[in-house]
Amino acid sequence: MGESITGEGHVSEHDEELRSERAHVAGLYARLDAERARAETRYQRALGDTATSPMERDVEVRAQARELQRLNVADHGLCFGRLDADDGERRYIGRIGLFDEADDHRPLLLDWRAPAARPFYTATAAHPESMRRRRQLHSRGREITGFTDEVLGCPDGDTAGDAALLAAVNAPRGEGMRDIVATIQAEQDRIIRLDHPGVLVIEGGPGTGKTVVALHRVAYLLYTQRERMERSGVLVVGPNPQFLNHIGRVLPSLGESDVVFATTGDLLPGLRVTAEDAPEIAEFKGSLTILDVLRAAIADRQRLPEQPWEIELEDVSVRIDAATAEWAREEARDSGLPHNEARAVFVDVVGYVLTERATARIGRGWLTREDEAWGSIREEVRAELAEHRGLREAIDALWPELTPQQLLADLYTSPERLRAVGAEALLRDEGEAWTVSDVPLLDELVDLLGEVKTPSAEEDSDYAAGVLEILQVERHDLMDDEDHLLAQDLLDASDLAERFVEHDTRDLAERAAADRDWTYRHVVVDEAQELSEMDWRVLMRRCPSRSFTVVGDLAQRRSAAGARTWAAMLDRYVPGRWAYRELTVNYRTPAEIMELAAGLLAEFAPGVAAPASVRSTGVEPWFRQVDASEMSCAVEEFTSEESGCEGTSVVIGPPGTPGAVTPTDTKGLEFDAVLLVEPAEILATPRGAADLYVALTRATQRLGILHTTPLPDVLRPREE
C-alpha cells in the first residue's frame, strides 16, 4: 500500500499514488466521452441517411446503436485494475478497450477479455507471469476512492488483493446479480476462457459462482467470436422468471445485448407457461418414450372411413371406400412429409381415384380412354371435385389439418384417443391448460405436423384453386421420381432479393424470441440438472452448431425428469464433444451456514463434496420452535427486523406457507438474510432433501429457522 512520507507540507506516497490514479482514470473517462459523442453523431447521421438502401441504412443504425450501448455501460467501473510488469510496462484493465488514435492505436485501457489482461486474474505470488504487482482500483461512480496492491513473484509478499474479493462477497445484495469482472478468480477465469467448441458443463455447489461464470463466458465468446455470434445471438435458459430477472443485468453491464432470456416454458413463441405437472406426469412427458405417443396420436387422426363416403357430383355419384383411403394413407405416410404437408399426397391419390371412376362412369358404353372427349370430361370432373364441399368434408375427416395445440388438447381430453396410444395417465379436463412439460411436446409437433395451409371457409375460391392444382399433378410425377422438384421449391431473382431486404426494425433479441425457427450460435442452460430429455431436444434444435455452456449441480436436482448424469443427456447429441469442469469454492455461503447444509448433503448425496466456503462471518444460524399460533407473528418479526437492515431478505417455506416463497422459487438467487420455515415439511415433499439444500444455501450473511414440529435430525444444532 506504500509508506507514509512525514513532515509538514508533505503527503503520503499512497495519497500521491491515489491522486495519480484519479488523474489517469479521469483521462480515460474523457476518452470515453469523446468516443461516445462521435458514436452519437454517426448514429444520428445513419438515421437520416437517404442516399443508401434501406438495408444498408438499417445495418449502420444497428451497428452504431450497439456501439453506443457498449460505451454507455462502461460508465460505472470503467477501469478497475492495473498490472505492473517486470519490464516496467503498466496495463490498465477495464470493462472495455480504449485506444489512443493519435499514437498508432496504443492501448490506453485493456478489455478484461483481452489476452494481455489475463494475468490480472491468473497471476499468483508463486507464478507471477512476468508481473510484479496487481492493483485493484475501487470506485464510486467515476471517482476512484482507493486501491489495494498485491505483490507478485514474492511468496511472502502482500496479499491485499484478496480484500477486493472479500469486499465483494460481503457487500449487501441488491435487486439483481452483479458482474464479477473486477474479481474473477483463477479457477473461474480458466473456465471463462476455455477454448472448447462444443458443450461445456460447469458443475458446482451452491455459491460457487457457476451462473455468473457462465455469463462471463458468454461475454468472452462474444468478444473473441464477435462476427459469428452476433449474427445469431445467444439464448440463456433459466429455471424461472425470477431467476432470469435476477441475472438479466449481468450481460448488459458487460456491453452485450444480443441475448434472449427464457425459461423452458417460454421456448415456443406465443406461450408463457409456468404451471407444472405432478412429478410422475412430468417424468412421463419428459422422457423420449413420449415421442411414440405423439407419432401414434398423429397416426390415429389419419383415418379410414367405417362406411364408404358418398360424393355426389352433377352427373354421377362416386365414393371414397376404405381401400381407396388406405392406399392414399399409405402413399401419404410413405412420402416422409409432416402430417399437414402429406395431406396433399392424400388429396392427390383420393382425387385421382375419384376422377378416374367418375370419368369412366360418365363415358361408360360410348367412350374409350383414346377418345378426345375423355380428357375433356376428366378436366370437368377435376374442376367439380376441387370445389366440392362434400369432398372437403371427407378429406377433413380422414386426414385433417392439425395444429400442435389442437392435436394435444384433443388427445388430453379424450379417454378413447389416449387409450389408443397407450397414454391414459395424461387425461385431464382442460386440454389447453398447458404445463411446462407440454412445451417440448408442442415444439416437437411443430415439426411432426408441419404448417397448416388450408385457407378459411371464407376463402373457398382460393381453396378450390389449390385443390385443383393438386389434382392436376400427374400421379407418376409425385410417386415415381424421388428427385422431383415441385414449382413451389423454386425462387426467382426477385424472391431471392426480397429475402435479403431487412424490413424488421426489431433488435436481434426481439426477433429471435418471436421466431420458433431461429437458431442461436450459443446457448447457456442454467439449473440444467432439471431439464428433461424432451427439453434437450428443443434446445438442440435451437442450436445446430451444438455450442453450449451448461450449468448445474446434480445434487440439487428436484425434477423426476431431470438429469441423473450429464452423459445420459448429452452423449446422444454430442458424443465425445462435451467437456466437464467443476467449481469447488463457495463465494456466497458463509462457513457457518455451509456446515449445516453440508450435513444434509452428506445424508442424501454422500458421494458429493460440499464446496469450501471462502469466508466466515462469525454468525451461526439460529433456531426457534414456536406454536402454530405464533408462527405468523414470528415471521412478521423477522420481516420487520430485516426491513431496517441493508441488503435483501426472504422467507422460504413449503408450498402454501403464507408470506413465504418455495425453495424452487429461489433457485439460483441469493439474499443477505433468509428465514426458513418448517424445514421438516419441505423435507417430506418429493425431492424434499434437494429443496431443503437449496433453501439452506441462499443466505450470504444470516440464516434463521422457524419450526412448529421437531427439526429433522440432520438440522439439529450442534449443542444438542
Side-chain angles (χ1 to χ4, degrees), residues 198-203 235-240 262-268 271 273-298 404 407-408 411-412 418 421-426 434-449 516 519-520 523-580 664 667 686-687 690:
V199 176
L200 173 63
V201 176
I202 305 173
E203 184 159 28
L235 172 64
V236 176
V237 179
N240 53 55
T263 69
T264 54
D266 302 333
L267 291 176
L268 195 61
L271 286 181
V273 182
T274 58
E276 294 188 4
D277 283 304
E280 63 277 7
I281 299 299
E283 186 173 15
F284 180 32
K285 290 181 180 178
S287 70
L288 295 182
T289 57
I290 199 70
L291 292 173
D292 294 331
V293 172
L294 297 180
R295 295 186 185 108
I298 294 172
L407 176 77
L408 212 53
L411 178 66
Y412 286 159
L418 287 170
V421 300
E424 295 94 325
L426 301 184
W434 305 122
T435 66
V436 174
S437 302
D438 289 327
V439 173
L441 277 59
L442 292 167
D443 190 73
E444 190 77 33
L445 286 169
V446 171
D447 286 343
L448 292 177
L449 292 174
R516 185 261 174 186
T519 57
Y520 297 89
V523 175
V524 177
V525 187
D526 209 321
E527 299 292 345
Q529 73 276 356
E530 307 297 348
L531 269 62
S532 69
E533 292 175 317
M534 288 298 294
D535 290 327
W536 281 109
R537 282 180 67 87
V538 177
L539 294 179
M540 291 296 170
R541 245 181 241 121
R542 302 295 192 272
C543 187
S545 66
R546 304 292 193 258
S547 178
F548 281 74
T549 299
V550 175
V551 179
D553 180 11
L554 294 177
Q556 295 187 55
R557 178 182 66 86
R558 65 176 297 275
S559 171
R564 288 168 172 79
T565 68
W566 299 117
M569 293 299 182
L570 298 176
D571 280 349
R572 178 177 292 104
Y573 304 104
V574 284
R577 280 193 59 213
W578 64 278
Y580 176 88
T664 302
K667 294 204 77 170
R687 297 295 300 171

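Because the structure is predicted, anything quoted here is derived from the model rather than measured.
Here the straight-line distance linking atom CZ of Phe284 with atom CD1 of Ile290 works out to 4.0 Å at 0.5 Å rounding. The CG atom of Leu445 sits 10.5 Å away from the CZ atom of Arg295 when rounded to the nearest 0.5 Å. Interatomic distance, Asp571 CG to Trp578 CH2, rounded to the nearest 0.5 Å: 6.0 Å.
Taking each heavy atom of Ala282 and Asp277 in turn, the nearest pair found is N-CB, 3.9 Å. Closest heavy-atom contact between Gly198 and Arg577: CA-NH2, 3.3 Å. A pairwise comparison of heavy atoms in Leu411 and Ala297 identifies CD2-CB, 4.1 Å as the closest pair. Listed here is the closest heavy atom pair of Ala275 and Trp434: CB-O, 3.9 Å. When every heavy atom of Pro239 is checked against every heavy atom of Thr263, the shortest pair comes out as C-CG2, 4.3 Å. The heavy-atom pair separating Asn240 from Thr664 by the smallest distance is ND2-O, 3.2 Å.
The backbone N or O of Tyr580 lies less than 3.5 Å from no partner atom in the side chain of Glu203, so there is not a single donor-acceptor pair. A distance-only check finds a donor-acceptor pair linking the side chain of Glu530 to the backbone of Arg558 [under 3.5 Å]. In this structure a side-chain-to-backbone donor-acceptor pair under 3.5 Å is present from Asp535 to Ser532.
Residues satisfying the side chain to side chain contact (heavy atoms under 4.5 Å, CB included) test with Asp526, not counting sequence neighbours, are Thr211, Phe243, Val551. Taking Glu444 as the reference, Arg537, Arg541 meet the salt bridge (charged side-chain N to carboxylate O under 4.0 Å, His left out) condition, with sequence neighbours excluded. A search for side chain to side chain contact (heavy atoms under 4.5 Å, CB included) contacts involving Ala262 returns Leu235, Asp266, Leu267, not counting sequence neighbours. Considering only residues two or more places apart in sequence or on other chains, Glu283 meets the side chain to side chain contact (heavy atoms under 4.5 Å, CB included) condition with Ala560, Arg564. Residues passing the side chain to side chain contact (heavy atoms under 4.5 Å, CB included) test with Ala425, sequence neighbours excluded: Ile281.
In this structure, Gln529 and Gln556 have side chains that are in contact, with non-hydrogen atoms separated by less than 4.5 Å. Here the side chains of Arg572 and Leu288 are in contact, with some heavy-atom distance below 4.5 Å. Using a 4.5 Å heavy-atom cutoff, the side chains of Tyr520 and Phe548 are not in contact. Taking 4.5 Å as the limit, every side-chain heavy atom of Leu407 sits out of range of all side-chain heavy atoms of Leu448. Inter-residue side-chain proximity for Asp447 and Arg516 is flagged as met; some heavy-atom pair is nearer than 4.5 Å. Looking only at side-chain heavy atoms (C-beta outward), Leu449 and Ile298 come within less than 4.5 Å of each other. You'll find the side chain of Leu531 reaches within 4.5 Å of the side chain of Thr264, heavy atoms only. Annotation: side chain of Met540 is not in contact with side chain of Val523 (no heavy-atom distance under 4.5 Å).
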Criterion side-chain contact (heavy atoms from CB on, under 4.5 Å) on Leu442 and Val273, from CA distance to verdict | CA-CA 12 Å; Leu442 292 167; Val273 182; over 6 Å; no
Derivation of the side-chain contact (heavy atoms from CB on, under 4.5 Å) call for Val199 and Trp566 | CA-CA 11 Å; Val199 176; Trp566 299 117; over 6 Å; no
Give the intermediate values and the outcome of side-chain contact (heavy atoms from CB on, under 4.5 Å) for residues Met534 and Asp443.
-> CA-CA 10 Å; Met534 288 298 294; Asp443 190 73; over 6 Å; no
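Contacts classified as salt bridge (charged side-chain N to carboxylate O under 4.0 Å, His left out) and involving residues 546-557 (residues at least two apart or in different chains) are not found.
In summary, the side chains of Asp438 and Thr435 do present a donor paired with an acceptor at a separation below 3.5 Å, with no hydrogens or angles considered.
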